[in-house]
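The structure appears below as C-alpha cells.
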Amino acid sequence: MNETIHLDDLTFRVQRSARRKTVGVTVERDASLVAHLPKHVDIDDATALIRTKLVWVYQKLAAHKDIGREAVFRRPEFVDGEGFYFLGRHYRLKLVDVGAGEPPVPTVRFDGDRLLFKRQQVASGEKRIAEYYTRAAHPYLTGAVNRWKGIVGVEPGRYVQVMDLGFRWASCSQDGTLNFHWRMMQLPPPVIDYVVVHELAHLKVADHSAAFWNEVARVLPSYQTHRNWLRDKGGEL
C-alpha cells in the first residue's frame with residue numbers, strides 16, 4: 001500500500017525501512033517530498049514529528065529553482081520610482097546619495113510617500129529591505145497575536161518568529177510557535193489580522209477541515225474577503 005502524509009498543502013510520499021531508526025524528510029530534485037520512516041513507526045506519530053520540520057521544508061522548497069520565490073513574489077529592481085508596500089500603503093522608491101563627509105543615515109527610511117534608500121546599498125537591496133521589514137515585524141506581529149489570541153481562545157508559544165518562509169506567509173509549529181514571513185509587513189493591516197487569526201486557529205484545529213474554517217469564521221466573519229485579497233494580490237507585492 002502506498003502511504004502518504006498530508007500537512008497543510010504539502011504531500012509527503014512515505015518510504016519505510018527496517019534499518020531506519022528515526023523519522024526524516026527530504027526534498028527531492030523535482031521538489032517532491034519524501035518522509036523516511038522506520039518500518040513500524042505509527043503514521044500519526046510520524047506526522048506530528050514532521051509538522052515540527054515544516055519551516056525547514058518550506059525554506060527548501062522556496063530555494064528550489066522551479067518554484068522559488070521569483071515565481072511567487074515580485075523581485076524589486078531598485079530603480080527610482082519603483083513601488084514598495086508597507087502595511088498596505090504604497091511608496092515610491094527614491095535612491096539617495098550620501099557623501100563620505102555627511103552624517104550617517106539609515107539605509108532604509110520613509111519620508112511621506114517615499115521610501116528612501118541609500119544608493120550605495122542597491123547591490124544588497126533585497127537583503128536590506130528584508131532586514132528592515134523583519135525588525136518592524138517583530139513588535140507589530142507580536143501585538144497582533146496578543147490582540148487576537150484571547151478572542152480565538154488559545155495561548156501560542158512565547159515568541160513570534162519572523163523569517164523568510166519562501167512562498168508561505170506563515171506557519172504554526174507543533175509547540176505553538178507562530179512563524180511569519182517578513183513580507184507580512186507589506187500587507188494591509190486587516191489582511192495581516194486574517195493571517196494571524198488563521199495561524200492561531202491552527203492551535204485548535206491542525207488541518208484545513210470544515211471545523212478549522214468554521215473557527216476562523218467565528219472569530220473573523222469577513223475572513224473570505226481577506227483570503228481572496230491575499231490570493232489575488234499577494235504576489236504583486
Side-chain angles (χ1 to χ4, degrees), residues 55 58-59 62-63 68-98 102-149 156 159-172 177-200 220 222-237:
V55 171
Y58 285 125
Q59 290 175 334
R69 70 201 66 188
E70 295 87 349
V72 181
F73 296 114
R74 179 184 65 83
R75 296 292 298 272
E77 300 178 27
F78 289 93
V79 296
D80 277 317
E82 185 176 10
F84 285 80
Y85 287 86
F86 187 79
L87 291 178
R89 182 177 173 184
H90 186 257
Y91 295 85
R92 291 293 180 185
L93 181 70
K94 180 176 177 58
L95 299 177
V96 295
D97 297 293
V98 181
E102 298 182 35
V105 297
T107 297
V108 181
R109 63 192 194 277
F110 291 93
D111 182 16
D113 62 353
R114 297 283 184 175
L115 188 160
L116 306 182
F117 192 91
K118 289 170 66 173
R119 192 185 303 273
Q120 295 94 321
Q121 293 289 328
V122 163
S124 56
E126 288 188 75
K127 180 180 179 181
R128 301 303 172 217
I129 288 291
E131 291 172 345
Y132 182 93
Y133 280 57
T134 298
R135 288 194 299 270
H138 275 103
Y140 187 94
L141 293 174
T142 297
V145 168
N146 288 337
R147 286 197 309 273
W148 287 103
K149 66 181 183 180
Y159 300 106
V160 166
Q161 293 197 106
V162 180
M163 63 186 75
D164 189 333
L165 287 176
F167 58 87
R168 297 282 297 183
W169 289 105
S171 69
C172 176
T177 299
L178 302 182
N179 311 293
F180 296 101
H181 201 305
W182 60 262
R183 289 180 180 271
M184 285 276 290
M185 295 305 289
Q186 297 175 308
L187 304 175
V191 180
I192 293 177
D193 285 342
Y194 158 67
V195 177
V196 168
V197 169
H198 183 118
E199 297 307 322
L200 288 170
L220 201 65
S222 61
Y223 85 89
Q224 191 64 56
T225 298
H226 308 311
R227 186 185 183 198
N228 291 343
W229 190 99
L230 202 59
R231 180 196 63 208
D232 297 337
K233 299 182 180 297
E236 300 174 5
L237 301 176

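From a predicted model like this one, the values you see are computed outputs, not experimental measurements. Count residues from 1 along the sequence. Note: hydrogens, waters and symmetry copies are ignored here, and every other heavy atom, side chains too, is used.
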Requested in this report: Report the C-alpha separation of Met184 and Val162 in whole Å, then their side-chain angles, then the decisive distance to 0.1 Å, and conclude whether the side chain to side chain contact (heavy atoms under 4.5 Å, CB included) test is met.
Outcome: CA-CA 9 Å; Met184 285 276 290; Val162 180; over 6 Å; no
Report summary line: Taking every heavy atom of Arg135 against every heavy atom of Pro139, the minimum-distance pair comes out as O-CD, 3.2 Å
**Report entry** Between Glu131 and Thr134, a side-chain donor and acceptor under 3.5 Å
**Finding:** no
Query - From CG (Asp164) to NZ (Lys127), nearest 0.5 Å - result: 13.0 Å
Query raised in the report: To the nearest 0.5 Å, how far apart are CD in Gln186 and NE2 in His181?
Result: 8.5 Å
Requested in this report: Could you tell me whether the side chain of Pro188 reaches within less than 4.5 Å of the side chain of Trp229, counting heavy atoms only?
Outcome: yes
Query raised in the report: In terms of heavy-atom contacts, does NZ of Lys149 have more than 12 from other residues, nucleotides or ligands at under 6.0 Å?
Result: yes
Requested in this report: Under the side chain to side chain contact (heavy atoms under 4.5 Å, CB included) rule, what do Phe180 and Ile192 come out as? Steps first, then yes or no, please.
Outcome: CA-CA 10 Å; Phe180 296 101; Ile192 293 177; over 6 Å; no
**Report entry** Test item: Asn179 side-chain N/O and Gln161 main-chain N/O as donor-acceptor pair under 3.5 Å
**Finding:** no
Report summary line: Heavy-atom nearest pair, Tyr85 first then Gly88, reads CD2-O, 3.8 Å
Query raised in the report: Do Arg227 and His198 pass the side chain to side chain contact (heavy atoms under 4.5 Å, CB included) test, and can you show the C-alpha distance, the side-chain angles, and the key distance before you say yes or no?
Result: CA-CA 10 Å; Arg227 186 185 183 198; His198 183 118; over 6 Å; no
Query - Euclidean distance, Trp182 CH2 relative to His138 NE2, rounded to 0.5 Å - result: 14.0 Å
Report summary line: Heavy-atom closest pair (Leu95 atom, Phe78 atom, distance to 0.1 Å) is CD1-O, 3.7 Å
Query - Heavy-atom side-chain contact between Val145 and Pro156 under 4.5 Å - result: yes
Report summary line: Tightest non-hydrogen contact, residues His226 and Pro190, listed as CE1-CB, 3.6 Å
Query raised in the report: Does the Glu82 side chain pair with the main chain of Glu77, one donor and one acceptor, at a distance under 3.5 Å?
Result: yes
Query raised in the report: Within a strict 4.5 Å, meaning less than it, do heavy atoms of the Val197 and Tyr223 side chains meet?
Result: no
Requested in this report: Quick one: pull up CZ in Arg119 and NZ in Lys94 and give me the separation to the nearest 0.5 Å.
Outcome: 8.0 Å
Report summary line: Between Ala136 and Met185, the two heavy atoms sitting closest are O-CE, 3.9 Å
**Report entry** Side-chain heavy-atom pair Val191, Trp169 within 4.5 angstrom cut-off
**Finding:** no
Query raised in the report: Atom CG of Leu115 and atom CZ of Arg89: how far apart are they, to the nearest 0.5 Å?
Result: 11.0 Å
Query raised in the report: Is Gln120 reaching over with its side chain to a backbone N or O of Val98, donor-acceptor style, under 3.5 angstrom?
Result: yes
Query raised in the report: Is the Phe86 ring parallel, tilted or perpendicular to the Tyr133 ring (thresholds 30°, 60°)?
Result: perpendicular
Query raised in the report: What's the spacing between Tyr194 OH and Leu187 CG if we round to 0.5 Å?
Result: 11.5 Å
Requested in this report: Sort out for me which residue in Phe117, Phe84, Phe110 forms a ring pair (Phe, Tyr, Trp, His ring centres under 6.0 Å) with Tyr132.
Outcome: Phe110
